[in-house]
Amino acid sequence: MPYLLKSEPDKYSFDDLLRDKETVWDGIKNNQALITLRNMKKGEDCVIYHSNEGKAAVGLAKVVSVELAPPVPPSKMTTPIVKIKAVKRLKCEKTLDEIRNAGVFQGSIMFRQFRLSVVPLTQEQFDWLVHG
DNA sequence: GCCAACGTTGGC
DNA sequence: GCCAACGTTGGC
């Protein structure tokens with residue numbers, strides 16, 4: 001399953017990821033987002049979205065590895081350590097407005113709970129972001 | 001277990 | 001920088 005990962009570009013942008021080649025996607029606190037991270041599998045596709053500044057889907061990445069570290073108390077759930085690598089910049093960036101107006105995103109979890117920083121995408125949504 | 005207060009996220 | 005929408009926390 002593909003995913004959309006949100007990032008504030010002034011903290012960590014897709015350019016930073018291109019420079020680093022790969023990175024550990026940490027700093028996620030929201031429980032729903034953590035559940036999604038735990039379910040990620042090596043080789044799955046991710047779209048990087050820039051929130052705040054930019055507000056557009058800008059790049060492609062791939063899951064390199066998912067490690068489930070022991071829980072950090074008081075949490076009883078394992079701590080997902082997801083490593084991703086940069087693939088390429090999107091040929092055609094998709095702005096928030098374009099995403100919101102796209103048919104494939106109607107009723108999507110992304111806009112029902114827009115604060116979620118890690119969102120599963122349908123294959124159709126992923127294809128639209130990359131090729132649409 | 002309820003609910004008010006507080007924190008976080010992200011659009012504007 | 002402000003605020004709306006939620007999620008989380010803590011007192012009761």
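These numbers come from the heavy atoms of this one structure, side chains and all, not from hydrogens, waters or symmetry mates. Since the model is a prediction, treat every value here as computed from it, not as a measurement. Naming: A, B, ... by sequence-line order, numbering from 1 per chain.
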Mind listing the side-chain donor-acceptor pairs of residues 96-107 of chain A below 3.5 Å, one per line with the distance, residues two or more places apart or on another chain?
{"unit_1": "A/Glu98", "atom_1": "OE1", "unit_2": "A/Thr95", "atom_2": "N", "d": "2.9"}
{"unit_1": "A/Glu98", "atom_1": "OE1", "unit_2": "A/Thr95", "atom_2": "OG1", "d": "3.4"}
{"unit_1": "A/Asn101", "atom_1": "ND2", "unit_2": "A/Asp97", "atom_2": "O", "d": "3.1"}
{"unit_1": "A/Gln106", "atom_1": "NE2", "unit_2": "A/Arg100", "atom_2": "O", "d": "3.1"}
{"unit_1": "A/Gln106", "atom_1": "NE2", "unit_2": "A/Ala102", "atom_2": "O", "d": "3.1"}

Reading nucleotides 6-12 of chain B from the 5' end, what letters show protein touch, with B for base, S for backbone sugar-phosphate only, - for no heavy atom under 4.0 Å? ---BBBS
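- Counting only residues at least two apart or in different chains, side chain to side chain donor-acceptor pair (under 3.5 Å) contacts with residues 43-58 of chain A comprise A/Tyr3-A/Glu44, A/Glu8-A/Asn52, A/Asp45-A/Lys62.
- Within the nucleic acid shown, A/Gln113 comes within 4.0 Å of sugar-phosphate atoms alone, with no base atom in reach, counting heavy atoms only.
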Distance-only donor-acceptor pairs under 3.5 Å for side chains of residues 79-89 of chain A, two or more places apart:
{"unit_1": "A/Thr79", "atom_1": "OG1", "unit_2": "A/Pro70", "atom_2": "O", "d": "3.1"}
{"unit_1": "A/Arg89", "atom_1": "NH1", "unit_2": "A/Asp15", "atom_2": "OD1", "d": "3.3"}
{"unit_1": "A/Arg89", "atom_1": "NH2", "unit_2": "A/Asp15", "atom_2": "OD1", "d": "2.8"}

Run the side-chain donor-acceptor check on residues 23-35 of chain A: report pairs under 3.5 Å with partners two or more places apart or on a different chain.
{"unit_1": "A/Asn30", "atom_1": "OD1", "unit_2": "A/Gln32", "atom_2": "N", "d": "2.9"}
{"unit_1": "A/Asn30", "atom_1": "OD1", "unit_2": "A/Ala33", "atom_2": "N", "d": "3.0"}

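- Here A/Glu93 pairs with A/Ala56, A/Val58 under the side chain to side chain contact (heavy atoms under 4.5 Å, CB included) rule; sequence neighbours left out.
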